[in-house]
Amino acid sequence: MNPEGSPISRRVRDIPPSGIRRFFDLLASMEGVISLGVGEPDFVTPWHIREAGIYSLEQGYTSYTSNYGLLELREELASHIAGRRGISYDPQRELLITVGVSEGVDLALRAILDPGDEVIVHDPSYVSYIPCTVLAGGAFVPVPTNLENDFQVRAGDIEKRITQRTKAILLGYPSNPTGAVMDREELVKIAKVAKRHNLLVISDEIYERLVYGVEHTCFASLPGMKERTILLRGFSKAYAMTGWRIGYAAARDEIIEAMMKIHQYTIMCAPTMAQMAALEALKGGDAEVEEMVADYDQRRRVMVKGLNDIGLTCFEPKGAFYAFPSIKGTGLSSDEFAESLLIEDKVAVVPGSTFGQCGEGHIRCCYATSLEEIEEALERMARFVKRHRAR
Ligand code: PLP
């Protein structure tokens with residue numbers, strides 16, 4: 001026992017429980033709810049990818065792979081990244097197959113942080129960044145972003161927060177929860193800041209394929225940035241493979257080696273069946289990704305127009321599958337809004353405050369659900385907002 005008499009470490013006790021959990025507990029006990037809450041594709045993994053997973057089992061591929069992951073998968077990834085982004089990674093030493101980007105975030109932070117090292121993170125941002133930083137012994141330094149600049153983080157705002165202890169900048173764009181995509185020019189400025197202050201950049205690009213009418217810039221492709229970037233990517237979103245638990249990290253060999261050290265003692269290797277399926281996704285999944293993106297784009301337009309029509313001002317999200325409207329006109333906090341909307345009109349959304357202080361005054365609506373459900377949810381939300389409009 002520790003001096004407080006708890007069997008749980010102080011570090012873990014100090015991490016607040018995920019704000020989303022309460023809503024999902026409530027949701028699980030209700031019927032007739034339309035969920036815009038969970039951030040996952042409503043598509044099933046394309047059949048030929050599932051078949052590759054099944055076939056791998058039939059063939060008896062049931063043992064561990066290399067700690068780094070199947071070499072064939074790493075080779076395919078290296079040529080995929082080189083072909084699409086023009087960056088060359090050595091498949092033997094600069095790529096690591098992970099259990100989703102979730103593991104990638106954890107490994108990256110644990111590999112680079114010493115106690116008290118600081119990580120600059122944009123606010124709002126994905127829910128795991130801050131807890132994983134704290135669990136790795138680091139301290140997080142939030143950088144506010146807002147509706148006025150489409151939730152893109154500014155290089156100048158990052159630079160102002162750099163101290164002697166700053167080790168890395170963590171970027172998660174296209175963004176969960178806002179759907180923001182970074183402009184290339186601003187990323188170039190951030191790259192200069194990273195170079196000037198000798199910082200690493202952890203770039204979570206899990207939504208890189210899900211962009212609408214804009215180009216995603218891979219941070220590692222910017223001049224001089226391959227050496228400074230830990231690039232994290234996965235299969236969950238673009239290929240609708242959330243349950244397979246598969247992703248990868250790309251970085252210079254010294255960093256991948258350090259991440260692999262943690263991975264080999266804690267995970268051993270990503271699931272073999274999922275690695276075989278991921279290989280098939282890379283080789284033959286492009287057409288389906290494009291179809292899914294076109295589908296999300298249609299839903300995105302309906303969602304954004306609908307929210308703006310209701311009076312929930314929404315900037316146009318250019319990536320991922322989230323809209324992040326302002327609810328300030330209702331006078332409710334984002335927590336109150338989400339809870340009352342769920343109880344009164346049975347629509348589940350996630351309070352913006354879950355993603356950081358700057359998320360307050362917003363809600364996250366995931367549009368990876370059917371058009372019929374989106375339209376019905378918008379009608380319910382219109383009724384709710386009418387009743388709650390601030391007097
Ligand atoms: N990063 C971001 C920004 C996400 O939105 C998610 C999942 O929602 C993850 C990482 C985790 O993804 P994975 O399924 O690859 O672990």
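Every number for a ligand or one of its atoms is a count from 1 in the order of the listing.
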Chemist: Is the closest side-chain heavy-atom distance between Phe315 and Glu148 below 4.5 Å?
Modeler: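 With C-beta onward as the side chain, the pair stays apart.
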Chemist: Can you report which non-hydrogen protein atom sits closest to atom 7 (C) of ligand 1, along with the distance?
Modeler: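 Nearest neighbour among protein heavy atoms for atom 7 (C) of ligand 1, to 0.1 Å: Lys237 NZ, 2.9 Å.
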Chemist: How far is atom 2 (C) of ligand 1 from its nearest protein heavy atom, and which residue and atom is that?
Modeler: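 For this ligand atom, the closest protein heavy atom is Asp204 OD2, 3.4 Å.
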Chemist: Suppose we measure from atom 11 (C) of ligand 1 to each protein heavy atom; which comes out shortest, and what is that distance?
Modeler: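 Heavy-atom neighbour on the protein nearest atom 11 (C) of ligand 1: Ser102 OG, 3.3 Å.
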Chemist: Among residues at least two apart in sequence or on other chains, which ones pass side chain to side chain donor-acceptor pair (under 3.5 Å) with Arg161?
Modeler: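 Applying side chain to side chain donor-acceptor pair (under 3.5 Å) to Arg161 gives none.
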Chemist: For atom 15 (O) of ligand 1, what's the nearest protein heavy atom and its distance?
Modeler: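 The protein heavy atom lying closest is Val101 N, 2.7 Å.
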Chemist: Who's the nearest protein heavy-atom neighbour of atom 12 (O) of ligand 1, and how far?
Modeler: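 Result for atom 12 (O) of ligand 1: Ile206 CD1, 3.2 Å.
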Chemist: Salt bridge between Arg387 and Asp345, side-chain N to carboxylate O under 4.0 Å?
Modeler: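 Yes, this pair counts.
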Chemist: Could you go step by step and tell me if Tyr207 and Tyr322 meet the side-chain hydrogen bond (donor to acceptor under 3.5 Å, both in side chains) rule?
Modeler: CA-CA 11 Å; Tyr207 295 101; Tyr322 309 103; 2.6 Å; yes
Chemist: Which atoms from ligand 1 have a heavy atom of Tyr129 less than 4.0 Å away?
Modeler: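 By the 4.0 Å cutoff, the relevant atoms are 3 (C).
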Chemist: Short list, please: which atoms of ligand 1 are under 4.0 Å from a heavy atom of Arg245?
Modeler: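 Contacts of ligand 1 toward Arg245, numbered from 1: 13 (P), 14 (O), 16 (O).
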Chemist: For ligand 1, find out whether one of its N or O atoms is nearer than 3.5 Å to an N or O atom of Asn176.
Modeler: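 N/O-N/O distance under 3.5 Å: yes.
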Chemist: Give a yes/no on ligand 1: does Phe235 have at least one heavy atom closer than 4.0 angstrom to it?
Modeler: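 False for this residue.
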Chemist: Under the salt bridge (Lys or Arg N to Asp or Glu O under 4.0 Å) test, which residues partner Glu375, sequence neighbours left out?
Modeler: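 Not a single residue meets the salt bridge (Lys or Arg N to Asp or Glu O under 4.0 Å) criterion with Glu375.
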Chemist: Does Lys226 count as lying over the ring of Tyr89, i.e. NZ or CZ under 6.0 Å from the six-ring centre, within 45 degrees of the axis?
Modeler: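 Verdict for Tyr89: a cation-pi partner in Lys226.
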Chemist: Here's a test for you: under side-chain contact (heavy atoms from CB on, under 4.5 Å), which of Leu77, Asn67, Leu71, Thr65 qualifies with Ile97?
Modeler: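 Result: among Leu77, Asn67, Leu71, Thr65, Leu77 is the only option passing the side-chain contact (heavy atoms from CB on, under 4.5 Å) with Ile97.
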Chemist: Give a yes/no on ligand 1: does Gly234 have at least one heavy atom closer than 4.0 angstrom to it?
Modeler: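 Flag not set, Gly234 not near ligand 1.
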Chemist: In the protein, what heavy atom is nearest to atom 14 (O) of ligand 1, and what distance, to one decimal place, separates them?
Modeler: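 Answer for atom 14 (O) of ligand 1: Ser236 OG, 2.7 Å.
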Chemist: Can you check whether Val385 reaches Leu312 side chain to side chain, under 4.5 Å on heavy atoms?
Modeler: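 Answer yes - side chains close enough.
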